[in-house]
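Below is one structure, written out as C-alpha cells, with a few remarks after it.
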Amino acid sequence: MEIDNVAVVVVLLDSSFSDRTPRQRRELHASLEACAARAGLTGNLVAVWRDAAGRTRFLAPPEQHAFFQIVSYAQLEAQVNRKLECE
C-alpha cells in the first residue's frame, strides 16, 4: 500500500493488542518491523487493531496519522494481500 507516495506495510492485529502496555506495544511493533524486513517487505510498518469498543487504533509515523484517523478497519481489511508470518 502507498500513502502519499510512501510505501506502507499495514499489519492487522487482534483486539488484545489494546491490553498491552505502551512499552509492550512498541516492542511488538519493532519485532513486526524486523519480521517484515526479513520477509522482504519495505516501507513504514503500521500496526492497526480494534479496541474493546470496536474503534480502529494504530501505531504509525506521525505523517501518516491523518490517513489512519479516517480509514476504516474494514477498508484496510479488504485490501489484505498477504499474511506476515513471524516467529
_Tell me which pairs pass disulfide bond (SG atoms under 2.5 Å apart) where either residue lies in residues 47-87, with sequence neighbours left out._
Cys35-Cys86

_side-chain contact (heavy atoms from CB on, under 4.5 Å) partners of Gln69, counting only residues at least two apart_ = Phe58, His65

_Pair listing, disulfide bond (SG atoms under 2.5 Å apart) test, anchored in residues 38-83, at least two apart_ = none

*Restricting to pairs with a member in residues 45-57, which pass salt bridge (charged side-chain N to carboxylate O under 4.0 Å, His left out), not counting sequence neighbours?*
Asp51-Arg55, Asp51-Arg57

*With Asp14 via side-chain hydrogen bond (donor to acceptor under 3.5 Å, both in side chains) - residues at least two apart*: Ser16

*Hydrophobic clusters join Ile, Leu, Val, Met, Phe, Trp and Tyr when side-chain heavy atoms are under 4.5 Å apart, directly or via other members; which others share one with Leu59?*
Val9, Val11, Leu13, Phe17, Leu28, Leu32, Leu41, Leu45, Trp49, Leu84

_Applying side-chain hydrogen bond (donor to acceptor under 3.5 Å, both in side chains) as the test, list every pair that has at least one member in residues 25-43; sequence neighbours left out._
Arg23-Glu27

*Using the test side-chain hydrogen bond (donor to acceptor under 3.5 Å, both in side chains), find all partners of Glu77 that sit at least two apart in sequence or belong to another chain.*
none

_So, using side-chain contact (heavy atoms from CB on, under 4.5 Å) as the criterion, who are the partners of Val71 when residues are at least two apart?_
Phe67, Phe68, Gln75, Leu76

